[in-house]
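See below for the structure under consideration.
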Amino acid sequence: MHTVITIGREFGSGGRDIGKALAKDFAIPYYDKELLSRAAKDSGICEEVFESHDERPTSSFLYSLVMDSYSMGYMGNNYSEMPINQKIFLAQFDAIKKIAEEGPCVIIGRCADYALENHANLLSIFIHGDLDARIKRVVRDFEINEHKAKDLIAKTDKRRASYYNYYSNKKWGNCDSYDLAIDSVKLGVNGSIELIKAYIRIREELAANNTKVF
């Protein structure tokens with residue numbers, strides 16, 4: 001398996017469980033919070049700082065500064081003078097790229113699909129599902145009532161969407177932004193995993209045979 005898998009997910013959709021299972025089945029590295037540890041180690045910035053900024057949106061003005069700096073490079077004094085949000089963003093993107101260069105893996109969220117949009121073996125996935133089913137899952141997993149679960153889902157999804165829409169040139173949750181969008185409520189976690197495996201197998205077979213779909 002040569003594929004780097006990135007997974008965007010609605011809160012309560014089981015995206016993390018699907019990602020973990022795929023990584024285990026393929027015997028490849030899995031990165032969720034682990035990505036923050038890697039970025040902290042590579043950059044020398046405290047891991048707690050990454051956690052406090054994790055998948056949180058920033059101002060569009062700061063976004064433009066970040067992207068300008070990223071496209072031009074950020075060595076020397078320019079980097080030391082950057083705001084911490086900017087350093088966090090760039091360090092995380094660099095960590096994602098380095099991880100993908102090391103081989104197949106699963107990366108959860110954090111605009112990884114955008115960071116790797118030019119990667120030859122990228123498979124970007126979005127996991128979603130019916131709200132009522134996601135509420136039940138969050139109630140079970142977090143041991144909270146339905147009202148709090150619904151509020152947590154709304155706030156988390158809003159934060160993830162804002163972060164993704166700021167930092168990428170795509171729209172969070174829009175099927176056009178991903179290679180594959182899966183309703184995990186209809187298929188279940190195991191069914192979703194099997195669909196992804198089948199997709200990867202077919203895609204790699206087509207690539208190996210130089211088969212053109214269109």
Side-chain angles (χ1 to χ4, degrees), residues 1-36 38-39 42 55 67 70-71 92-130 133-134 137 157 160-161 163-214:
M1 207 276 288
H2 307 292
T3 304
V4 173
I5 303 168
T6 63
I7 297 179
R9 72 284 184 223
E10 289 183 333
F11 192 69
S13 66
R16 181 179 298 171
D17 291 342
I18 291 169
K20 281 185 177 180
L22 284 170
K24 182 178 180 181
D25 289 352
F26 285 124
I28 59 177
Y30 169 86
Y31 294 92
D32 185 2
K33 295 293 185 182
E34 295 84 354
L35 175 61
L36 306 184
R38 174 64 179 269
D42 290 350
E55 288 192 296
M67 295 313 296
Y70 191 74
S71 63
Q92 193 162 271
F93 258 45
D94 274 357
I96 290 169
K97 288 178 177 292
K98 289 177 182 177
I99 287 168
E101 288 173 359
E102 294 167 0
C105 60
V106 176
I107 305 176
I108 303 295
R110 300 169 183 86
C111 289
D113 59 314
Y114 177 59
L116 301 175
E117 62 179 348
N118 295 319
H119 193 287
N121 295 316
L122 172 67
L123 171 58
S124 60
I125 299 170
F126 188 79
I127 306 295
H128 62 97
D130 174 74
R134 291 191 289 127
R137 185 186 184 94
D157 282 354
R160 289 175 178 173
Y163 180 85
Y164 187 89
N165 295 343
Y166 270 131
Y167 286 114
S168 80
N169 56 0
K170 301 180 289 185
K171 186 172 178 60
W172 187 82
N174 189 319
C175 62
D176 291 338
S177 299
Y178 309 90
D179 295 317
L180 188 62
I182 298 176
D183 187 333
S184 61
V185 173
K186 292 181 179 178
L187 291 181
V189 169
N190 291 334
S192 299
I193 292 168
E194 291 307 310
L195 176 60
I196 295 168
K197 287 181 177 179
Y199 186 98
I200 292 172
R201 185 186 69 253
I202 294 169
R203 198 174 77 162
E204 292 190 346
E205 286 175 355
L206 290 173
N209 295 324
N210 293 316
T211 303
K212 293 188 177 182
V213 179
F214 293 102

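Proximity of Ser184 to Ile18: side-chain heavy atoms (C-beta onward) are separated by under 4.5 Å at one or more points. Side-chain contact between Glu194 and Leu187 is absent, with no heavy atoms from C-beta onward closer than 4.5 Å.
The backbone N or O of Lys170 sits less than 3.5 Å from a side-chain atom of Ser168, completing a donor-acceptor pair. Checking side-chain atoms of Lys97 against main-chain N and O of Ala115 turns up a donor-acceptor pair under 3.5 Å. In this structure a side-chain-to-backbone donor-acceptor pair under 3.5 Å is present from Ser177 to Lys171. With Asp113 contributing its side chain and Ile125 its backbone, the two residues share no donor-acceptor pair below 3.5 Å.
Annotation for Ala95 and Leu35: closest pair CB-CD1, 4.0 Å, computed over non-hydrogen atoms. Nearest heavy atoms, Ala100 versus Leu116: CB-CD2, 3.6 Å. Pairing each heavy atom of Val4 with each of Pro104, the nearest pair is CG2-CA, 4.3 Å.
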Discussion item. side-chain contact (heavy atoms from CB on, under 4.5 Å), that's the test. Do Val185 and His128 meet it? Break it down for me.
Written reply: CA-CA 8 Å; Val185 173; His128 62 97; over 6 Å; no
Discussion item. For Tyr166 and Cys111: C-alpha separation, side-chain torsions, deciding distance, then whether side-chain contact (heavy atoms from CB on, under 4.5 Å) applies.
Written reply: CA-CA 10 Å; Tyr166 270 131; Cys111 289; over 6 Å; no
Fill in: Chi angles and distances behind the side-chain contact (heavy atoms from CB on, under 4.5 Å) call for Tyr114, Glu117
CA-CA 5 Å; Tyr114 177 59; Glu117 62 179 348; 3.7 Å; yes
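Residue pairs meeting the side-chain hydrogen bond (donor to acceptor under 3.5 Å, both in side chains) criterion with at least one partner in residues 4-31, sequence neighbours excluded, are Arg9-Glu55, Glu10-Arg134, Arg16-Asp32, Asp17-Arg137, Asp25-Lys197.
Remark: the Asn174 side chain and the Tyr164 side chain contain no N/O donor-acceptor pair separated by less than 3.5 Å. Inspection of the Ser124 and Asp179 side chains reveals an N or O donor paired with an N or O acceptor under 3.5 Å.
The structure places CD1 of Ile96 at 6.0 Å from CD1 of Ile107, a figure rounded to the nearest 0.5 Å. The CD1 atom of Ile5 sits 9.5 Å away from the CD1 atom of Ile108 when rounded to the nearest 0.5 Å. Remark: Ile200 CD1 to Thr3 OG1 distance equals 5.0 Å, nearest 0.5 Å. Here CZ of Phe126 is found 11.0 Å from CG of Asp183. Values are rounded to the nearest 0.5 Å. To the nearest 0.5 Å, the span separating OH on Tyr178 from CD1 on Ile127 amounts to 10.5 Å.
Between Arg38 and Asp42, at least one side-chain N (NZ, or NE/NH1/NH2) sits under 4.0 Å from a carboxylate O, which counts as a salt bridge.
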